[in-house]
Chemist: 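Handing you this structure, nothing more for now.
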Amino acid sequence: MDTTLSTPTTGPRLSHTEITNMASTYSHEWRAVCDKFNNAQDLSEVESRKDPENDPFRSKYKARELLREIYCSLKNFDVGENESVNDEADQRPTEQPVDGGMEESFGRGHCGDSPAGSRAAKLGAVEYYLGVNHVETEELSAGEEHLMNCMTLLEKCSISPENVSLFIQVRNQLGILWAGRDEIEKAQGFLETAEAMYIRYMKEDGQPPMDLTEFFVAEEEALPQQERTKRFEMAYTHTLYYLAQVYKNLEQYEKAGGYCHSTLQRQLEFNQFLPLEWAINAATLSQYYITKTLYMEGRHCLSAASVIADLAGEVPSEAAAQESEAEAEKRDQLRQKRAEIARCWIKYCLNLLQDAKKLLEDNIGELDMDRQAELRATRLKEEEEKERGRKSAVLFGSSDTFDSICGLEEKVSCVFPVDFEEARAIFLVGQTYVNQAKEYFEMDGHVTDHIEILQDHSALFKALAFFEEDLERRCKMHKRRVDMMEPICKDLNAQYYLLVCRQLQFELAETYYEMMDLKLAVANKQDDLDAHTVKKFNHLCSSSTKFYQMFLDSVRSPEGKWPEKLEDEVLRPALVAKFRVARLHSRLISSSKTIQLENLNRSLECYNFVVQYCKDNPEAKSAIETELELSEEMVSLLPLKINRLQANLASSN
Amino acid sequence: MASVRVAVRVRPLIKREKEVSAKVIIHMEGSTTSIDCNKKHLSKGTPGTGLKDRGRQSFSYDFSYDSTDVGSPNFVPQEKVFKDLGCDVLEAAFDGYNACVFAYGQTGSGKSHTMMGSPGDFGLIPRICEGLFCQISEKSQGDVASFRTEVSYLEIYNEHVQDLLTTKKSPENGSGLKVREHPKDGPYVEDLSKHLVQNYKDIEKLLHAGKAKRTTSSTGMNDVSSRSHAIFTINFTQARFDAELPCEMVSKIHLVDLAGSERADATCATGARLKEGANINKSLVTLGIVISALGGDRGGSHKGKRKKQLFIPYRDSVLTWLLKDSLGGNSKTIMIATLSPADVNYSETLSTLHYANRAKNIFNKPTVNEDSSVTVIRKLQEEIVRLKRLVEKNNQALLSPQDLSKTLKVEEKLHKNEVKVLELTREWTNKWGETQNILKEETVALRKQGIGVVMDSKLPHLIGIDDDLLSTGTILYHLKEGRTLVGRDEASSNPDIVVHGAGLLEEHCVFENRDGVVTLIPQTGALCSVNRLETTQPCQLTQGAVIQLGRGTIFRFNHPKEAAHLREQRKCCAVGYISNKEKTHLQRNASSTSSKLSL
């Protein structure tokens, strides 16, 4: 191909010479063009914000006029220059260039920095600005036409440092435009081509290219190299960001995640970020990785988030905050964002434990030794692979932050824990973040957030308990959960925090249930069901019942009436609660047959409720299939037990 | 009671629209609203794609109010809107619940007409207030209760809260008032002024004052009022004596004027934060929103797949934060979206319809993340199996229905059974009375589930389930490589397993173990069934099979090796076990390559 990039020459090789040549020839006119361009930029970017509501695009329209004038002037400049003669002939290709056929759009015809190429680029830039202007004033088809004109002009050129930025930016704009019309694949085509062009340019040339605005400035105002790099890289960062959105809209979440990651990484690399905002974004990305069970990536995001958030400075003291509003605001912002990052860390620890539990549990939710051995083995294998993968992953951090990020990563594992010791290490990290998050999200003022953190703390205990083999100690962990939730559940006003109250009630009921099972298992092991244990067992049983009952009562009307039809969001929980209460009643231990009978009858009543409700509301069936099936069986079987007991009772009297 | 009701209302064409001879593109039928796709819009937007006619798009709401033509019999007047929606709000308030009325719509779509109305044609807000004060005066007369009504009015612009009814100057840095939560009093705005009102006149005055402030504060900024939300809150306290005890009930009615979506670009935190559809956000400021939307496929929390609990640090907007006590739960939520009927407003109208369509999902949140622990279910399944076995025992002892089912006597006996229910019960009672001590033990065993004797056995084996109520032992028969004959005592061939009971032949059947594959071979004329299915042919046994010989001799077949294999399989396909409870139960026993038997 004769159209490859020209070999780099020494020194800056930009076509500013062309511009200056032109400037000397038409210096007066050229200065006027530059002024107009400046004016247009100012109108479009600054003045337009002050436009009145009834004439919202006033400044944009003015800018458009100026751009048109510039376009005409440029055309006139060229009259008399040799190549303009056959200009018209090849101006309109038979087909409009559409991206997709990559190779072709890589420059044919003029060399990018030939006079003809330079002229095309300048005209292309004006077309570009006109296109953007039309799009911004909601004239999409006109905007598209201008942008496509720009594409046509560029099509005749090879990529050069002068035009590469335009090559990319016009595609960015077309990507936005087509996405706005729901033609997402078309947008994808333009953006992917832009991406490929950047990669190729950087490989084959790589020197800081000219910025779009530089087409219309005097030589002395040319941008320094550093600024050129910054703007060019920024344009490409946007390409990646738009691609992230395109893939998200195409539901290719993995790709979208990758492009978000790259966008973040580039913001950091080119120092174009606000620490707090960046940190929050990275922390949020970690949550996405958690959904994909990519804990190494998740941890990397979180460590980077913590380190970068620290760049935002020290938290002003309380005293300083009292002195000045600005300090108070800063203090609040910093504390809040850091607490939020801590909360993302909590979720990381929690999900890591829960996912490990999922892998290790047998069908009754206990730790399965075989699976444990299995996981240990696969983990060994995977570790090596991961280490290799890590080298190819996009890593965050500049030279001064990289070490701190790694340091933070080392503080917590990113592989599934297989035993109590490993689980405990993760739990402890999670617990540290719980305490950190609670410092900002205090109960007073942040009720919902505070409770959410407590719920996570409780969930951390629960996940840890799974790994604990000693049943007594396991029971104590659940007791901790009860201790942190019960007082709050009592203090909360259900009128305002109904949802939270219900969640707490349900969780407390479940926790008591779990403790009850554990107590029994302990007693069974010792083969000793003494009066004290029975009492304890019954207490746990009733406590569990009590909280299920509280939950069920929250569904009632203020007059205490049970609704004929349960709302969708409480349907399953309410029926499950009934089902559990049924079970709990039948588990109470009593030596008195009369009480036993009473409990069994209550139990039957509850099973009956579930069955009857589903009979009356068949649409509810699918929500609690298993429980319903079991309830139906119990409804048919329990009477037998009851009869037997009754008979027993009768015969003993 | 948690309910969200969504209504859309379309106004008549206005003068300006008629002047440009705009066409009506909104049609309503019942609760459905449809919109004609605007060809002009399409052709203008996409020259390449031509005049694609996408026809009509329909949306279904709780109410679709057609108010395009006053003369039409279908015309929906203010009164009807109030009756459908406002009355519920009032009722909720007096019941002590919170209520929220949202109004949404493009500027000029008739939002304020629907909400406020005009003298002589009052809208929803005046009607609600009037209803409120009317009921108050009625109830106060009977001295049943006393009432206190306070209002506040605030505006949220760019996530900053401003008091619209205060004379005090808001803080200089524009950070606005703080939004907080109190454990007892719910979410609140710090330092927000509250104003006592006695009647609608008072309210009207405050509404006007607030509106005026909203406009003046917006000078210099572009179209603030359509980019900001405004919340007018009526705090309503009822005090009365309930059984001589003072009792107070507080409820709130929020009247929310939602920011219009028009020209609210995505960088502006107010209104629709992200444009719908495939749009790309230009500015990197929105990167966070894009990232937080990545978990798009984690929404589906279908059974078996745990929904991961995450923390997305993009806070609810101030609006949802402030209203969370009034959204979902026991509160009443109403949303009215107003529409212009004209084709010139096509895209705004369409986006309003979409927004209203999504409203239910926005407001309804799930209640409880219940822990779908399998243990409870598992244990209950065990109990059911135990109870079933009890039933079977009883049935066999008294009726042997399996046996009878084959004979003509079945119906007769079943009939007898029904007739003799009482008699049978008594008979049964006596039987149980005799075995009272054993029963006691059994109930203890029921309680002490979990205690068991573990018999390790690597060989396939049978476990005898004795139907004799007095029997307390359990017998395990190993099935060694080769043949194991089952028969009666008297048999000349010396059976390996000796059985007693009805319907058994001298040589009843053979269990043949070849390389761990166990086959049941019934002898001629022998009554054998596997898993309730009668068989006369050799039948290969699988783990957990229940074998019945004769009329009442039951064995359970355990195959530890197969069980271990099954267990492997189950690891792969986690949850498919529930349908066959008995099998699962047996599998579970076998899963520890041992049989756990209750004593």
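Chain naming here is simple, since letters A, B, ... match the order of the sequence lines and numbering starts at 1 in each. Quick caveat, the model's predicted, so the values are computed rather than measured.
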Chemist: If we ignore angles and hydrogens, is there a donor and acceptor under 3.5 Å between the side chains of Q336(A) and E340(A)?
Modeler: yes
Chemist: Against chain B, work out which of M443(A), H450(A), H261(A), M634(A) has the most heavy-atom pairs shorter than 4.5 Å and name it.
Modeler: M634(A)
Chemist: So which part of S286(A) gets closer than 4.5 Å to some heavy atom of chain B, the side chain, the backbone, both or neither?
Modeler: neither
Chemist: Between E190(B), E181(B), R180(B), which shows the greatest number of heavy-atom pairs under 4.5 Å with chain A?
Modeler: E181(B)
Chemist: Side chains of T237(A) and Q272(A): do they bring a donor and an acceptor to under 3.5 Å?
Modeler: no
Chemist: Cut-off 3.5 Å, side chains only: do H182(B) and Y496(A) have a donor facing an acceptor?
Modeler: no
Chemist: Quick one: do E452(A) and R343(A) make a salt bridge, cutoff under 4.0 Å?
Modeler: yes
Chemist: Using heavy-atom distances under 4.5 Å, tell me whether Y513(A) contacts chain B through its side chain, its backbone, both, or neither.
Modeler: side chain
Chemist: Counting only non-hydrogen atoms closer than 4.5 Å, does Y241(A) touch chain B with its backbone (N, CA, C, O), its side chain (CB onward), both, or neither?
Modeler: side chain
Chemist: Using heavy-atom distances under 4.5 Å, tell me whether Q646(A) contacts chain B through its side chain, its backbone, both, or neither.
Modeler: neither
Chemist: If you measure only the distance, is there a donor-acceptor pair under 3.5 Å linking the side chains of Q455(A) and E507(A)?
Modeler: no
